[in-house]
Amino acid sequence: MRSISPLLIGLLVLTPFMVALGQVMFKLTGARLASQPAPPFHSIVASPVFIGALTIYGLATLVWIYVLKSVPLSFAYSFMALTFVIVPVLASVWLNEAVPPRFFVGAALIVAGLVTVWSSAGQASWL
């Protein structure tokens with residue numbers, strides 16, 4: 001595989017961050033649903049948090065398509081594993097959800113796997 005530009009590397013990392021942020025915003029929307037007896041559908045759809053989550057997801061999709069025009073899917077998709085690291089961290093910070101210690105073991109394994117994929121593709125000359 002040819003070398004990936006710094007812009008594409010940044011976008012490969014940005015996309016999972018955007019997806020993770022959207023997930024937290026969907027959780028906030030769900031919490032709003034749970035706190036009301038039976039909110040009308042239009043109040044959910046018109047919620048700024050819900051609209052923001054959809055917007056972020058839409059932008060993430062456009063960024064992802066841009067990345068995939070230049071990077072093989074088999075390589076690029078490994079970066080989506082970062083969402084399994086980012087979502088719990090954001091949930092801990094913004095939603096005060098507990099993150100068990102074993103999460104950090106799993107997160108380290110995910111990052112190690114990503115480094116392995118990255119280095120096997122010839123992208124990490126420092127390894």
Side-chain angles (χ1 to χ4, degrees):
M1 180 170 55
R2 65 186 164 116
S3 181
I4 299 174
S5 73
L7 172 65
L8 286 175
I9 294 167
L11 295 176
L12 277 167
V13 174
L14 176 65
T15 304
F17 273 96
M18 293 173 76
V19 169
L21 180 59
Q23 286 296 315
V24 171
M25 293 171 77
F26 285 138
K27 173 65 177 178
L28 291 170
T29 301
R32 181 171 174 231
L33 278 173
S35 71
Q36 299 177 356
F41 182 74
H42 65 82
S43 72
I44 299 159
V45 174
S47 163
V49 175
F50 180 70
I51 292 169
L54 289 177
T55 301
I56 289 170
Y57 254 59
L59 291 172
T61 300
L62 294 175
V63 169
W64 190 243
I65 291 168
Y66 178 81
V67 167
L68 292 180
K69 75 177 191 165
S70 303
V71 178
L73 179 60
S74 59
F75 175 77
Y77 200 72
S78 61
F79 281 82
M80 283 302 181
L82 287 174
T83 60
F84 293 105
V85 176
I86 301 165
V87 169
V89 170
L90 293 181
S92 174
V93 171
W94 287 340
L95 305 174
N96 295 319
E97 291 186 5
V99 177
R102 67 182 178 271
F103 160 78
F104 297 100
V105 174
L109 290 170
I110 288 170
V111 171
L114 187 57
V115 168
T116 302
V117 168
W118 182 256
S119 63
S120 67
Q123 294 299 315
S125 59
W126 47 270
L127 290 176

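This one's a predicted model, so the numbers in the text were calculated from it and none came from an experiment.
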Original post:
Hey, does the side chain of Thr15 reach the backbone of Leu12 with a donor-acceptor pair shorter than 3.5 angstrom?
Top reply: no
Original post:
Would Leu95 and Lys27 satisfy side-chain contact (heavy atoms from CB on, under 4.5 Å), going step by step from the backbone distance to the final call?
Top reply: CA-CA 9 Å; Leu95 305 174; Lys27 173 65 177 178; 3.5 Å; yes
**OP:** Taking all heavy atoms of Ala46 and all of Ile51, pick out the closest pair and write down the distance.
**Re:** O-CD1, 3.7 Å
**OP:** Specify the closest pair of heavy atoms between Trp118 and Ile4, including all atoms of both residues, with the distance to one decimal.
**Re:** CZ3-CD1, 4.5 Å
Original post:
Yes or no on side-chain contact (heavy atoms from CB on, under 4.5 Å) for Leu73 and Leu68, after CA distance, side-chain angles and deciding distance?
Top reply: CA-CA 6 Å; Leu73 179 60; Leu68 292 180; 3.8 Å; yes
Find out whether [X] and [Y] are in side-chain contact, i.e. whether some heavy atom of one side chain is under 4.5 Å from a heavy atom of the other.
X	Y	answer
Met25	Ile56	yes
Phe17	Leu82	no
Leu21	Trp94	yes
Val19	Val87	no
Tyr77	Val117	no

Original post:
Counting only heavy atoms not in Phe26, do more than 12 fall under 6.0 Å of its CZ?
Top reply: yes
Original post:
Should Val67 and Phe79 be marked as a side-chain contact (heavy atoms from CB on, under 4.5 Å) after you check the CA-CA gap, both sets of side-chain angles, and the distance that decides it?
Top reply: CA-CA 11 Å; Val67 167; Phe79 281 82; over 6 Å; no
Original post:
Between Tyr66 and Leu7, is a side-chain contact (heavy atoms from CB on, under 4.5 Å) present by the stated rule, with each step listed?
Top reply: CA-CA 11 Å; Tyr66 178 81; Leu7 172 65; 3.9 Å; yes
Original post:
Quick check, are the ring centers of Trp64 and Tyr57 under 6.0 angstrom apart?
Top reply: no
